[in-house]
A.B. asks: 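This is the structure I have questions about; it appears just below.
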Amino acid sequence: MAKTIQIQQTGGPEVMKLVDLPVGNPGPGEVRIKHHACGLNFIDVYQRTGLYPFPLPLAMGNEAAGVIEAVGEGVTHLKVGDRAAYAGGGPGAYCEARVMKAMSVCKLPESIAFDTAAAMMLKGMTVQYLLKRTLPQGGLHPGDHILWHAAAGGVGLIACQWAKSLGYQLIGTAGSDEKCRLAKDNGAAHVINYKSENFVERVKAITGGKGVKVVYDSVGKDTFEGSLDCLRPFGLMASFGNASGPVPPVALGQLSLKGSLYVHRPTLATHTATRESVEQMTGELFEVVASGKVVIDAPTSFSLSDAAEAHRELEARRTTGAVVLVP
Ligand SMILES: NC(=O)c1ccc[n+]([C@@H]2O[C@H](COP(=O)([O-])OP(=O)(O)OC[C@H]3O[C@@H](n4cnc5c(N)ncnc54)[C@H](OP(=O)(O)O)[C@@H]3O)[C@@H](O)[C@H]2O)c1
């Protein structure tokens, strides 16, 4: 049996309950992993509220790190005793131990602590596919400005550092002056407090009126329109989240009026659909962390049983960087 955070119905943080669930043995292509730290991500909120629907009851969570306890038939890249970590592979990560498909699970380098891994797998792989695979026409080049919303969040702080290492001038938005300072300390070239400043005007001023080639927007409803206005002709709107609520339907004609814009709505799950892709993405992530170009600060920790409190903090915009749950 394993202590697991489960929901029987969608709703607020209070619907999450700590229950004992059987774990069992791995079948073909599966592993059993004992968790040392579980990552908290905004997607967990969408799954809890039902914005991203799943059959109920639902075991929560999408990321964790720990030790492989058992390996099913046909699994060759992991063995019992390996330190391992994963992002995705289906919900069920807020628990002491689980059985899951081995495809999403990677061997963890010795130099990366379990809580660091739980703070960086999902967020870091997301930044990898955005900065490396989600590019405007003609690509990005050193010196280019890019706009990144919620730059002091879990995904945001990794993006600030990774973008700087690639030579991009990341313009980061955040909801307080303190968060703006944090984004700047992590490599943002410019920061905008989008609660007190008009981010469209600031982006125009910073880019000499030209606008940016790409906006990475995970805030959604509140920033979508403004983000389109920050783009130069043929620019790319990469809308990858909805922390403020889902983006309403887009009138396509708007995109022509604003300069033949592109809109893309990616999700990590598509990028991690094959073992080869997971290996390539995690390989780049582990490398950029090992090189010191991206430093993962100690995450804020909550006990697994306090998952509801951790969700309240995340949704109230009171967290910076990553949050993990410790079983
Ligand atoms: N599509 C994908 O593949 C993918 C993968 C991973 C993450 N994501 C998305 O990336 C975003 C960041 O994820 P994360 O886990 O690292 O979370 P996070 O950035 O640590 O937290 C979300 C941040 O969004 C900002 N925000 C703006 N308006 C908000 C509102 N009305 N309510 C709550 N927060 C608001 C807040 O920062 P400020 O106070 O600074 O505004 C908040 O701290 C999320 O939208 C997530 O869904 C997408």
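Any value given below was found using the heavy atoms of this structure, including those in side chains, with hydrogens, waters and symmetry copies removed. Each ligand, and each atom within it, is numbered from 1 in the order the structure gives.
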A.B. asks: Nearest protein heavy-atom contact for atom 32 (N) of ligand 1: which residue, which atom, what distance?
C.D. replies: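 Answer for atom 32 (N) of ligand 1: A243 O, 3.3 Å.
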A.B. asks: Hey, would you say the H35 and F114 ring centroids sit under 6.0 Å apart?
C.D. replies: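 They do not qualify: ring centres at least 6.0 Å apart.
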A.B. asks: Identify, by atom number and element, the atoms of ligand 1 in contact range of S244, meaning under 4.0 Å from any of its heavy atoms.
C.D. replies: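 Heavy-atom distances to S244 below 4.0 Å select 28 (N), 30 (C), 31 (N).
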A.B. asks: If only atom types and distance count, is the side chain of N198 paired as donor or acceptor with the main-chain N or O of V200 below 3.5 Å?
C.D. replies: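 Yes, N198 side chain to V200 backbone: donor-acceptor pair under 3.5 Å.
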A.B. asks: Should you measure from each heavy atom of V219, which atoms of ligand 1 turn up under 4.0 Å away?
C.D. replies: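 Taking each heavy atom of V219 in turn, ligand 1 has 27 (C), 28 (N) under 4.0 Å.
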A.B. asks: Do ligand 1 and F240 have nitrogen or oxygen atoms that lie under 3.5 Å from each other?
C.D. replies: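 N/O-N/O distance under 3.5 Å: yes.
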A.B. asks: Atom 23 (C) of ligand 1: which protein heavy atom is closest, and how many Å away?
C.D. replies: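 The answer is A150 CB, 4.0 Å.
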A.B. asks: What orientation do H311 and Y94 show, parallel under 30°, tilted 30 to 60°, or perpendicular over 60°?
C.D. replies: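 Rings of H311 and Y94: perpendicular, as their planes differ by over 60°.
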A.B. asks: Take every heavy atom of A152, measure it against each atom of ligand 1, and state whether any distance is under 4.0 Å.
C.D. replies: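 For ligand 1, residue contact (heavy atoms, under 4.0 Å) with A152 is absent.
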A.B. asks: Residue-level breakdown please: for L268 versus ligand 1, do any non-hydrogen atoms fall below 4.0 Å on the side chain, on the backbone, on both, or on neither?
C.D. replies: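 The answer is both, backbone and side chain.
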A.B. asks: Could you list which atoms of ligand 1 come closer than 4.0 Å to a heavy atom of G153?
C.D. replies: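 Selected atoms, number and element: 18 (P), 19 (O), 20 (O).
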A.B. asks: Check each atom of ligand 1 against the heavy atoms of Y46 and keep those under 4.0 Å away; list them by number with element.
C.D. replies: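 Result: 44 (C), 45 (O), 46 (C), 47 (O).
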A.B. asks: Applying a 4.0 Å heavy-atom criterion (strictly less than), which segment of E315 is in contact with ligand 1: side chain, backbone, both, or neither?
C.D. replies: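 The backbone, only.
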A.B. asks: Taking only heavy atoms of Y129 into account, list the atoms of ligand 1 that are under 4.0 Å away from them.
C.D. replies: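 So the atoms of ligand 1 that pass are 1 (N), 2 (C), 3 (O).
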A.B. asks: Please determine whether any non-hydrogen atom of N242 lies less than 4.0 Å from an atom of ligand 1.
C.D. replies: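 Distance cut 4.0 Å: N242 passes for ligand 1.
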A.B. asks: Go through the steps for F224 and N242 under the test side chain to side chain contact (heavy atoms under 4.5 Å, CB included), then give the verdict.
C.D. replies: CA-CA 10 Å; F224 187 83; N242 7 245; over 6 Å; no
A.B. asks: Short list, please: which atoms of ligand 1 are under 4.0 Å from a heavy atom of K179?
C.D. replies: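 Heavy-atom distances to K179 below 4.0 Å select 37 (O), 38 (P), 39 (O), 40 (O), 43 (O).
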A.B. asks: Considering only non-hydrogen protein atoms, determine which one is nearest to atom 5 (C) of ligand 1 and report residue, atom name and distance to 0.1 Å.
C.D. replies: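 That would be T126 OG1, 3.1 Å.
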A.B. asks: Relative to ligand 1, is L122 under 4.0 angstrom through side chain, backbone, both or neither, heavy atoms considered?
C.D. replies: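 Under 4.0 Å from ligand 1, L122 contributes side-chain atoms alone.
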A.B. asks: Using a plain distance cutoff, I'd like to know if D222 has any nitrogen or oxygen under 3.5 Å from a nitrogen or oxygen of ligand 1.
C.D. replies: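 No; the residue has no nitrogen or oxygen that sits under 3.5 Å from a nitrogen or oxygen of the ligand.
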A.B. asks: Below 3.5 Å, N or O to N or O, backbone or side chain included: is there any such pair between S218 and ligand 1?
C.D. replies: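 Looking only at distances, the answer is yes, because the N/O contact criterion of under 3.5 Å is met.
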A.B. asks: For atom 26 (N) of ligand 1, what is the closest protein heavy atom, and at what distance to 0.1 Å?
C.D. replies: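 The closest heavy atom on the protein side is R317 NE, 3.7 Å.
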A.B. asks: For atom 40 (O) of ligand 1, grab the closest protein heavy atom and report residue, atom and distance to one decimal in Å.
C.D. replies: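 Scanning the protein heavy atoms, the shortest distance from atom 40 (O) of ligand 1 goes to G175 N, 2.8 Å.
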A.B. asks: For A174, counting its heavy atoms only, list the atoms of ligand 1 lying under 4.0 Å from any of them.
C.D. replies: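 Counting from 1, the qualifying ligand atoms are 40 (O).
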A.B. asks: Would you mind telling me if ligand 1 is within reach of the side chain of V155, the backbone, both or neither, using heavy atoms under 4.0 Å?
C.D. replies: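 Near ligand 1, V155 shows its backbone as well as its side chain.
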A.B. asks: Give, for atom CD1 of I5 and atom CG of L18, the distance between the pair rounded to the nearest 0.5 Å.
C.D. replies: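 If I round to the nearest 0.5 Å, the distance is 4.5 Å.
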A.B. asks: W148 and ring pair (Phe, Tyr, Trp, His ring centres under 6.0 Å): which single residue from Y168, Y216, W162, Y194 fits?
C.D. replies: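 Testing W148 for a ring pair (Phe, Tyr, Trp, His ring centres under 6.0 Å) against Y168, Y216, W162, Y194 leaves exactly one candidate, Y216.
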A.B. asks: Can you tell me which residue and heavy atom of the protein come closest to atom 20 (O) of ligand 1, and the distance to 0.1 Å?
C.D. replies: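 Answer, as residue, atom name and distance: G154 N, 2.9 Å.
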A.B. asks: Please report the C-alpha distance between H149 and T173 in whole Å, then the side-chain angles of each, then the deciding distance to 0.1 Å, and finally whether the side-chain hydrogen bond (donor to acceptor under 3.5 Å, both in side chains) criterion is met.
C.D. replies: CA-CA 5 Å; H149 290 303; T173 61; 2.8 Å; yes
A.B. asks: Give a yes or no on this: more than 12 heavy atoms of other residues, nucleotides or ligands lie within 6.0 Å of atom CD of E73.
C.D. replies: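 Incorrect, the count does not exceed 12.
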A.B. asks: Examine the side chains of D217 and S239 and answer whether a donor and an acceptor come within less than 3.5 Å of each other.
C.D. replies: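 Short answer, no.
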A.B. asks: Distance check, rounded to the nearest 0.5 Å: M60 atom CE versus Q6 atom CD?
C.D. replies: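 The CE atom of M60 sits 11.0 Å away from the CD atom of Q6.
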A.B. asks: R232 and V212: side chain to side chain contact (heavy atoms under 4.5 Å, CB included), yes or no, with the steps?
C.D. replies: CA-CA 6 Å; R232 63 176 65 181; V212 293; 6.0 Å; no
A.B. asks: Checking contacts here: is it the side chain or the backbone of A151 that comes within 4.0 Å of ligand 1, counting heavy atoms only? Could be both or neither.
C.D. replies: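 Neither; no heavy atom under 4.0 Å.
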A.B. asks: Which heavy atom of the protein is the closest neighbour of atom 15 (O) of ligand 1, given with residue, atom name and distance?
C.D. replies: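 For this ligand atom, the closest protein heavy atom is F42 N, 2.9 Å.
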A.B. asks: Consider every N or O of Y194 and every N or O of ligand 1, then say whether any pair is closer than 3.5 Å.
C.D. replies: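 Yes.
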A.B. asks: Any idea which atoms of ligand 1 are less than 4.0 Å away from a heavy-atom of G241?
C.D. replies: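 It comes down to these atoms of ligand 1: 45 (O).
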